[in-house]
Amino acid sequence: MKKNLFPYLLLITCLPVFISCKKDFLDIQATDRISEQALLGDSSLFENFVTNRYIGVRLQDKEGDGTNPGFGRAFEYAMWSSLTDESIYNNDDNTWLVQRGLLAPENTGIAGTIWARSYRSIRECNWALQNIDKVTMSADHKTRVTAELRFIRAYRYHDLIRNYGGVVLMGNDVYNLSDNLQDAKLFTRSTLQESMNYVLAELDAAAAGLPQNNGSNWVNGRATKGAALGLKSRLTLYAASPLYNVGTWVAAVTAAQAVISLNKYSLYTGGYANLFTDATAANTETIFARLYTKNAGHTHLEIANGPNGYGGWGGNLPLQNLVDDYQMDNGKSITDGTSGYNAQNPYVNRDPRFYATIVYNGSTYRGATVETFTPGGKDSKDGPENWNTSKTGYYLKKYMNDAYPLQNPWGNAGFQPWYYIRYAEILLNFAEASNEASGADVVPAGATLSARTAVNLVRARAGMPALAAGLSQTAMRDAIRNERRIELAFEEHRFYDVRRWKIADVTENRPAQGINITRSGSTLTYATKVALDGRAFAAKHYWLPIPRAEIQASGNKIQQNTGY
Amino acid sequence: MRRSTLRGIPAMSRSFALKLLCFVFLGLISCPIFSQISGTVKSGEQPVSDVTVTVKGTTTATKTNDQGHFSIDASPNSVLVFTHVSFTSREMNIGNQQQVNIDLDPLSGSLGEVVVVGYNAQKKATLTGSVSTVKGADLVKSPQANVSNSLAGRFSGMMLTNRAGEPGYDGSGILIRGLATTGSNDVLIVVDGVPGQIGGLERLNPNDIESISVLKDASAAIYGSRAANGVILVTTRRGKTGKPTISASFNQGFSSPTRLPKMADAATYAAISNEVAYYNNQAGGLNQQYSAAEIQKFADGSDPLNYPNTDWADVTLKKSAGQNQSNVSIAGGSDNIRYYLSAGMLYQDGLYKNGATNYKQYSFRSNIDANVTKDLKVSLYLSGRQEDRQFPTSSAGNIFRSIYRAYSTIPAFYPTNGLPSSGIEGSNPAIMSTDIGGLAKNPNSVFNGILKGSYNIPFVKGLSVDGFAAIDKSWNFNKTFNKPYLLYDYNKNTNVYTPRVVGGSNNLGTLNESQQNQTQITANIKLNYQLSFNNHNVNAFAGYEQSEIKSETFGATRQNFPTTQTPELSQGGTAATDRDNSGSSYHFTRKSWIGKLSYNYSEKYLADVQIRIDGSSTFPKGNQYGYFPSFSAGWIVTKESFMNVSWLNYLKVRASYGALGNDNVGLFQYLNTYAFNNQLVLGSSIVPGMELTKLANPNIHWEDARKTDIGIEANFLNDFNLELIYFKQKRTNILAIRNASIPFVSGIVNPFGSGALVPSENIGRVNSKGFEATLGYNKKKADFSYGISGNITYAKSEIINIDEASGVLPYQKQTGQPLNTYLLYNSIGIFHSTDEIAKYPHLSVAKPGDLIYQDYNGDGNITADDQVRSKYGNIPQITYGILLNGGYRNFDLSVVLAGQAQVSQYVLPESGTVGNFYSSWADNRWSPTNTNGTYPRVDTRTSASVNGGLYNNTFWLNDASFLRLKNIELGYNLGSSVLRKAKLQDVRVYLNAFNLFTITKVKDYDPEGNSGSGQFYPQQKIINIGVNVKL
């Protein structure tokens, strides 16, 4: 008996020893991630890292919910427009604190993530720029990818500059955990002029290295020369504007003309409304855009913004302030006594872009008539889910695509592109700079058109009558500003425009207005109302506050913006 | 090759099992008859001396000697009675046996009790560490579906908090002596010697548990790198030599929520929505949403279609849900083979009406020990468990969120036709909780096998070798089929019910399946040496252990099912974009050397030395190994001749000190790593994206704990026992991420909602200290016995070093404060009028009804600088328990009260237009018509309100102290005459209640929860009736 058992005994006692025979028992290789060496050793992986810089990291709730954010806020729940006199966000979601002037370093709401996200992307671009020489890649392609990285980095700086003013310029530095992260260099803000000069130079370099066109080797969505020049046009315009005052209108004219002279872009002819629902963005007006598709995560456009009578959440609600700025289709402002505007029948004969941008009482939405009137309107407080009913009496129409489901949209909707830069903006940039530099009708030196011609191109595409010749510079300025407000509504321009024009203390201090429509028999009565109490703007709000956490992390060494 | 060796294990255990089976039969063959009976009395492995052996009904008696041997004259079929002051008495019918060996169970808490400690067992009298124990027999008097819920209040030093009650996820969080680190505070669970056994503690069948030991101090250091948060050792039951005992038990329970918040009724909510509209447009007045006449209709119920008054909890939840447990076991054995076999079944129903939630569990265990030869012993422990969880496709969190959000002004079902309404934004909890939207099935199978062997090396007295190989497996499967279904919106103007499709995706079915398989293989071998000479007793071992854990996960989804009749992956939509899959795996390894030397002189002077050297694959080469030594000593003062004090029966003074570790962090943090993040669309397709996921910390290593523990144990006046412990711990090199000190401009920025970019670094330091006290009294008189015991634990942490921004204000620092405190504005009242606002610093938007925030720094403005740290966090600094037990004749009663104090919980309900209000707020709110309200005015969204989420403040911080009747059980044992007639050994019927009542200041929710929104499946109050039968 004992003899028989001996082998088992031996086995039991020796088993662990056998198992441990392998010397590298503690040596485990990761299978779900790769090392830096592996990334640099494979040019396609490296390029996958580079192109992923078009999207950034998610830094707060209700942002990048379905897919990580790109540049700016885009379509996420509360849109950037709801921090302006374009709209308010029905469910607040940390936008009202901005509308009500509570914006502070400790309360940044949805405006709190630009600083950190931009700097993370800048570091990643710098890392790729510092390491690209280690990657095996054709010289031509390396030039393009280098230019692409510099463009993305410049776009991030542009986001920083237009929100915070002078920024901390990182050069090509890549900070690591082992570095001194209290280095004074990290906390020194350059002046607005220095910041602007740096980014503009970077954009020149990027434009020189980027291909003119997308194609099979440079697919749609990657930046081209036009994107770099387009961004430069925007920044030079900002630089010349009153708030910045670090550039010239002439430079802005030249920059816009550079894009026009590419002779590559033209206004989309399929209609203003369709431009924003065309999922491919493969049109001649697109200069730089973010694309979406099925299974790439989603945004919630339809359900988030649809009227409550349709089961939508009535999210970004156009204000009466915006509605009133749409001209009549005869080109006259509604405040013009000869315009034909009737406050008791306000939605007839307006700028066609009004109908493409705003859902209003009596308009058709998803095959049914919208009813925001009371009593009884299905899209009013008397309709279902009345907590989602519009506070302004309007809903968002721009971008909405009836082909996508409103209910249950998850993964099946939200494929509209987000335009970062489109040609209409360039024309309006040109018009504004040209008018400031040379007046309404003069073709500036080196340019191919006048301010008036440029604006009229945009108006013509929208189906609006042309502006007449002979407008004074001031009248033209007002016309261009209004044209930007209308043409570029909900595209994240208004917030920056009212600031750089230094008119925010007027526009952003106006009450947030909406409309009350009362029905009696077949008669509708229109009366404006306050949609959200307490709208306020103080001088300090011309720039965003740097988040309190950042000021504290710097040991109070980063200079906070004035007034905070 | 390791692979082939591993593959060899199951094969070997199979053939071994066959042999074992043969021994079982051999051992059952009985022996010839003699009238001289002899035998050995043991308790576990230890012989027991001085046991009185009596032939029942006679005066014939003897006592066991030092080896536990006895011999006595008895006729066949007589009954022997074994009694001892430290052990439970046992009776045994000897039948025709000549040789009887018997195992005695130590009396709980008695000094003779043998306590399982790391890698061996020790007599309680000679313990030098802080070890709490509980017997399985006591646990089954609190028949919870989840073992962790049976432990609360039972002993000092252990904090158990039951955070939620959903069947399948109703366990208690376990902390030993509170929080001690900013990292993981998870306790190591060791089952039958296997550290970190897959399957854990919670789902063990309580009837299978022999004992649970909790190592609270440096005595846990023998588990080295995983021991810093304490160790819980579970030992399962084993067969004892003697006649087989068959036990069966059944209990039926009825569970209901401990408490649910009362929500505002329809009329109140309608008035509130008017106020919300008013605050957004004061010019519009106080009836912008509802007229007074409409509010009256909500109140009087005259028009239930258009003006309902819905209690969403009432329409969604049952009054009580059933649960039951049944268990059967057979235990017994001969000299050579002992066996314990059991099977158990558990069923728990969810609380929902027509609900889809339930939990079923089936388990078995087979623990067999065999003496193969005089010196060779083998054991095979096999256990398996099937955990069948089933849920609706909406999570419990979502369902309860919807219950608390849905307005009382919306019907759940239209009274006219019974159609379901769309609730709140397409979430109708009364429908979400059913299987209408599909089912989520989540079966989990667990298998644990342990093969143990021990061999007394024949030529050297006291020398033995033992070891085990253990295989743990779990298979976790999830299949969730989401079906579209209809909810209805009623338009009162047109009298039309408009259907709306919710659920599923794209109005069609969608299916997710996933599988996670986990394997852990542990191997251990150790050499033991035991020596006694004169009064010197030495017990030592040295060993080696290694373990390997692998986990593989894969998942697949399919969308756009043409029909919901075919919920199978193969039957879904056919487009390429309708399919998706995923997968991941991890693998890590550990190897360890362990050693322990115990010495005592005459069981009077005691000393233990332990060491463990741990190696872990989590850390880079050069940092893989850690050393964890510990020392402890004890002195039994009452064994000294000079301590001859009559009232003091026993006094021990002990102390321990040791180094322990914590390695519970993510793998591969010593590398810069990149992973795919495929969200970018270029052209018309998603392109692979590479994302930087982790920056390297090439220096990562263990988190270190140094634990000091000083205790005294005393028995006095015969019936009292007392234990006092002072403990302190220094936790250094805490593995934490830098998330406050790194400026964003560096570009090192952690993302929201996914893993940090920054690696864990050994940067934190936390000290903690406290005391434990236990005082007990037990008395037995004739047929009346009773006992009372109380315990209290105070554990306070102090952050010595934590990552903080260099510019943080001194009074807002976490450094110097306990862990887990809140940073809040001090709410010091409510502005009742504009006059009051003018008199005190306030926010620019302050209106009457807003909270007054203290201008803490006195600068005349309310800014973030006015926030201050709360005194307490949501982990209690004080926990206590009171245990009562009594017996009178055939009745027995046991009571466990558990409480906590010095604890705060922040709860800001999701209210406004996004959700209903707790009635405590709704009824007491400030409003233009109730300017004396004690709660702030209502707002559109609490999360974005100046009275809530924008300025988180102490108004929403509650004192979450409570005293709770955790468990009460009244049992009745059937009389022996009845039993004899029925040929049964023992029958006990009982009535039991869990969480029967709670005393607390918290108004709306269960104070044991930790949800900041209060939206969770509530803790359960459970009434049980049950019966245990032994034959």
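Below, each value reflects all heavy atoms present in this structure, side chains not excepted, and no hydrogens, waters or symmetry copies. The sequence lines fix the lettering, A, B, ..., with proteins before strands; numbering per chain opens at 1.
- Judged as a side-chain contact (heavy atoms from CB on, under 4.5 Å), and not counting sequence neighbours, the contacts of A:Ala116 are A:Leu59, B:Phe744, B:Val749.
- Looking at A:Glu385, its side chain does come within 3.5 Å of a backbone N or O of B:Glu425 through a donor-acceptor pair.
- Between B:Thr498 atom OG1 and A:Lys378 atom NZ the span is 9.5 Å, to the nearest 0.5 Å.
- Judged purely by atom type and a 3.5 angstrom limit, B:Gln679 uses its side chain to pair as donor or acceptor with the backbone of A:Asn68.
- Looking at residues two or more places apart in sequence or on another chain, you find no salt bridge (Lys or Arg N to Asp or Glu O under 4.0 Å) involving A:Asp179.
- For A:Ser35 (side chain) and B:Thr673 (main-chain N/O), no donor-acceptor pair under 3.5 Å exists by modelled atom type.
- Interface summary for chain A: among B:Gly949, B:Ala675, B:Ala944, B:Ser273, the most heavy-atom pairs under 4.5 angstrom belong to B:Ala944.
- For A:Arg117, no part lies under 4.5 angstrom from a heavy atom of chain B.
- Only the side chain of A:Asn107 comes within contact range of chain B, judged by heavy atoms closer than 4.5 Å.
- Contacts of A:Thr31 with chain B are made by side-chain atoms alone, with heavy-atom separations under 4.5 Å and no backbone atom involved.
- Aromatic pair A:Trp96/B:Tyr279: ring centres not closer than 6.0 Å.
- Between B:Arg941 and A:Asp93, the closest side-chain pair of non-hydrogen atoms falls below 4.5 Å.
- The greatest number of non-hydrogen atom pairs below 4.5 Å with chain B, out of A:Thr51, A:Asp32, A:Val168, A:Val57, is found for A:Thr51.
- Comparing A:Asn220, A:Leu177, A:Leu186 by heavy-atom pairs within less than 4.5 Å of chain B, the highest count is held by A:Leu177.
- For B:Tyr488, no part lies under 4.5 angstrom from a heavy atom of chain A.
- Using a 4.5 Å cut-off between heavy atoms, B:Asn493 touches chain A through its side chain atoms alone.
- For the set B:Pro620, B:Pro751, B:Pro688, the count of heavy-atom pairs under 4.5 angstrom toward chain A peaks at B:Pro688.
- With a 4.5 angstrom heavy-atom cutoff, B:Tyr407 touches chain A only via side-chain atoms.
- Distance CG/A:Leu26 to OG/B:Ser617: 6.0 Å, rounded to 0.5 Å.
- Contact check on B:Asp580 versus A:Lys294 returns no salt bridge, with no Lys/Arg side-chain nitrogen under 4.0 Å from an Asp/Glu carboxylate oxygen.
- Only the side chain of A:Lys391 comes within less than 4.5 Å of a heavy atom of chain B; its backbone N, CA, C and O stay farther away.
- Between A:Arg33 and B:Glu691 there is no salt bridge, since none of the side-chain N atoms of the basic residue sits less than 4.0 Å from a carboxylate O of the acidic one.
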